Number of protein chains: 4
Amino acid sequence: MAKKPVTKPRKIAVQERSRATVGSLIEATARILVKEGFDKASTNRVAEVAGVSIGSLYQYFPSKEALVAAVIERHQQQIMQMVRSELAQVRAQPLDQAIRRFVAVAVAAHRLDPQLHRVLAEQIPRVGRLEKLETFSRENFSLFRAYLETARDELAVDDLELASFVCVTTIEALTHNAVLHHGKVLTGDRMDALIDEGARLVTGYLKG
Amino acid sequence: MAKKPVTKPRKIAVQERSRATVGSLIEATARILVKEGFDKASTNRVAEVAGVSIGSLYQYFPSKEALVAAVIERHQQQIMQMVRSELAQVRAQPLDQAIRRFVAVAVAAHRLDPQLHRVLAEQIPRVGRLEKLETFSRENFSLFRAYLETARDELAVDDLELASFVCVTTIEALTHNAVLHHGKVLTGDRMDALIDEGARLVTGYLKG
Amino acid sequence: MAKKPVTKPRKIAVQERSRATVGSLIEATARILVKEGFDKASTNRVAEVAGVSIGSLYQYFPSKEALVAAVIERHQQQIMQMVRSELAQVRAQPLDQAIRRFVAVAVAAHRLDPQLHRVLAEQIPRVGRLEKLETFSRENFSLFRAYLETARDELAVDDLELASFVCVTTIEALTHNAVLHHGKVLTGDRMDALIDEGARLVTGYLKG
Amino acid sequence: MAKKPVTKPRKIAVQERSRATVGSLIEATARILVKEGFDKASTNRVAEVAGVSIGSLYQYFPSKEALVAAVIERHQQQIMQMVRSELAQVRAQPLDQAIRRFVAVAVAAHRLDPQLHRVLAEQIPRVGRLEKLETFSRENFSLFRAYLETARDELAVDDLELASFVCVTTIEALTHNAVLHHGKVLTGDRMDALIDEGARLVTGYLKG
DNA sequence: CATGAATGAGTTTTCATTCAT
DNA sequence: AATGAATGAAAACTCATTCAT
């Protein structure tokens, strides 16, 4: 396996001007990833698209990895922000509604920026950045599991850990595939149908 | 420099020696992918590990893409061979047993060469090779769907297309995550438990 | 990019604060040279270690060359100061004692800052700065030669120019090698022994 | 201090053609070092001057360091070859003649390629290549010491180790300075005079 | 057919220096 | 004066691919 790439920002941008530079670099990286793929996202190209010199790029990002890491970070931040706010009142709800909400949130999350999501999911070499992804899905996992605790009475399953793994994996996969591989044909009604199916699948499983 | 990837094998190795050469090249590629990752799998390195000159490599594979494609092809061939043979009598079975078998087969498929599977799934840039993967899962999809047709009486779902999508996606995701991310702790009993859970999840969904 | 190295300090630091800044820049350069080598002594790094902005660095030193030149200058100033004071009364002394003193002074000079001395001697590209080094050893040469003039009666050599060259070169090489390559094992007694040997070598040569 | 650069040749040239390539690369490096200095000896420039592609350069030399190391190696090989053959019969000779020969050989060695010698001595960062230089001067040291053993009767010194250090250092420094810093004015007669002086210096020291 | 020497465009990265604030 | 953001030429090095032998 490859050594450990350095992904920590080299220097934190404090001034107005530099924050703009950092922003445009991340934005440019995301755009290139989506439009041309990981391989084309060379540091020179990123700098060019960002309208910034290659030197400036390296002032803030010690490597190409760091750049991609920042894109991932930003994307996940956005997702988790949505997830957290959407799930705020979920613990008060009965199982059926709660699960449907979980599924709907998952779909919404994938719709934030489906193309970017796809590139990040499929094309990025998983090297030295696993922790970040793990952290991310662990939060999802925790949120779900925490809900299950509160709804224990309605459940027909004992092992909440196992059940959470099954449910989170299932919801993630269904929405991921649906949005990314069938997103163009799955609009409106059919999407609702899919959410229903997913919710029914998971609810059925939990209720036994 | 790489331009448009050509993935058709340049010539079919008819003679004895040629076939051995091709085999060792594919094998070497697979080994390097697993042990050192996609980035380290340069054509020169592959040739070296295969004990073959770089010139000979290009005699049989017109590009690096072709080499990787051959590895994917071989891996999928192995998987589908297993899947087909395992599912031979499934159409005669009742739903419960059949689904359990589907899940078990999925697990077995992932266990054929989990590390290679993981690399192929995670690290290989999806460029111009999507058809192959699509073909692959389409066959799985078809097999499953075909079974559902035969078991229509037992089902509580109408839309077999949608149901197949849901089930195949779910089974694939569960087994994939289980084997690749938790493979080391999921041995014996716990693996059986997971197969049971998966089967129950899907069966419940189909039976309503 | 660097073009023609300018080595004159850009402005003389008259004010209090300026002088401190200049001092810390030279100090930082010396520290980096010793601890990390010439290659790591980038201007940005020097400024950082000195706790000064890169802009300020260029306020006082027009180029990297000028910075290194200042370090050399300071080091040589220190050495020559010691040499001059140590050799003040040497002209009054008989040959044996005088030569021993010359050798001892050479050792002392190398011991002032052996590590810096070594870096300056070995790693600094000799570009456009030869004059300075020449000036330096020329002063040593002159001091030695001046002494020989005063001690002509005791000498068995005619050509004082040649003799000075031989002696200064020898003393310098012996002490340099002794301190830099064997400095750790050459402590106390053994160092005295070496001084004796050197003195005997040179004295014997001069006396014939 | 810098990490350890890799200086081992990457691949040994076996065929006729490749040996020529390697040769021209080393030659080009040496030429550039002499004519333009270490800083200008970039790998691209070396390849260009050698009339070879940058790719070929890296087939045989893993780094710039390796290239310089090869130049050093070649130069030292030439020197040691001369030294060894010149000193073949020295052990049979009396002290006076032997020492004169040692000095003469040192001068001759420095005259093999004085400009290259100078660059290698002065400009090359001493990193990770010390062993090679050590090995080299250790051989000189050993040869000298071995001679002293055979001539013990004539010596007024006890510590042959120390004496060898003093003599080898002295001879090296004298000839080095003479040839490199005064080589242009030191021709013919004056050079002979210097050899005489050096020999007298050392002989006097050894005889007491 | 096999070999492996050669190619060179392209990539990552550094660092001395400038200049707007 | 001081700051530090920005610059970009240039350096080291890789690797898919070609081609002479």
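A note on names: the letters A, B, ... follow the listed sequences, proteins ahead of strands, and every chain is numbered from 1. Only a predicted model underlies this, so the values are computations on that prediction, with no experimental measurement involved.
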Using the closest heavy atom to pick a nucleotide of DNA chain E for each, name whichever of A/I54 or C/I54 lands nearer the 5' end.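 The residue closer to the strand's 5' end, by nearest nucleotide, is A/I54.
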C/R45 or D/R17: which one's nearest nucleotide on DNA chain E is closer to the 5' end?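 Here D/R17 is the residue nearer the 5' end.
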Would you indicate, yes or no, if [N] has its OP1 or OP2 atom less than 4.0 angstrom from a side-chain nitrogen or oxygen of [X]?
| X | N | value |
| --- | --- | --- |
| C/Q59 | F/dA1 | no |
| A/S56 | F/dT7 | yes |
| A/Y58 | F/dT7 | no |
| B/S18 | E/dC1 | yes |
| A/T21 | F/dA6 | yes |

Interatomic distance where [atom1] belongs to [X] and [atom2] belongs to [N] [whole Å]:
| X | N | atom1 | atom2 | answer |
| --- | --- | --- | --- | --- |
| A/F61 | E/dT14 | CZ | P | 15 Å |
| C/F38 | E/dA16 | CZ | C1' | 12 Å |
| A/R19 | F/dA5 | CZ | C1' | 14 Å |
| A/E48 | F/dT7 | CD | P | 13 Å |
| A/K64 | E/dT11 | NZ | C1' | 9 Å |
| B/L25 | E/dA2 | CG | C1' | 13 Å |
| A/D39 | F/dA16 | CG | P | 11 Å |
| C/L67 | E/dT17 | CG | P | 10 Å |

C/L25 side, atom CG; C/E27 side, atom CD - distance, nearest 0.5 Å: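 Here the interatomic distance stands at 10.5 Å.
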Can you tell me how far apart CD (D/Q78) and CG (D/L116) are? Round to the nearest 0.5 Å.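 So the gap between those two atoms works out to 8.5 Å.
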Watson-Crick or G-U wobble partner for E/dA6, using a 3.5 Å limit on both distances?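 Base partner found: F/dT17.
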Write down the partner of F/dA1 under the Watson-Crick or G-U wobble criteria, each distance required to be under 3.5 Å.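 F/dA1 is paired with nothing.
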Is the shortest side-chain heavy-atom distance between B/Y58 and B/T43 below 4.5 Å?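 B/Y58 reaches B/T43 side chain to side chain.
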If you define the side chain from C-beta out and look only at heavy atoms, does anything of A/V71 sit under 4.5 Å from A/L67?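 A/V71 vs A/L67: side chains apart.
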5' precedence on DNA chain F between D/T43 and C/L57 (nearest-nucleotide basis):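 Residue closer to the 5' terminus by nearest nucleotide: C/L57.
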Ignoring hydrogens and angles, does a donor from either the side chain of D/N44 or the base of F/dA10 sit under 3.5 Å from an acceptor on the other?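 In this structure, the two groups form no donor-acceptor pair.
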Could you work out which one of F/dA6, F/dT17, F/dA12 sits closest to the side chain of A/S53?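 Of the options given, the side chain of A/S53 lies nearest F/dA6.
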Tell me, yes or no, whether the heavy-atom count around A/E36 atom CD, taken from other residues, nucleotides or ligands under 6.0 Å, exceeds 12.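 Counting neighbours around CD of A/E36, more than 12 heavy atoms of other residues, nucleotides or ligands fall under 6.0 Å, so yes.
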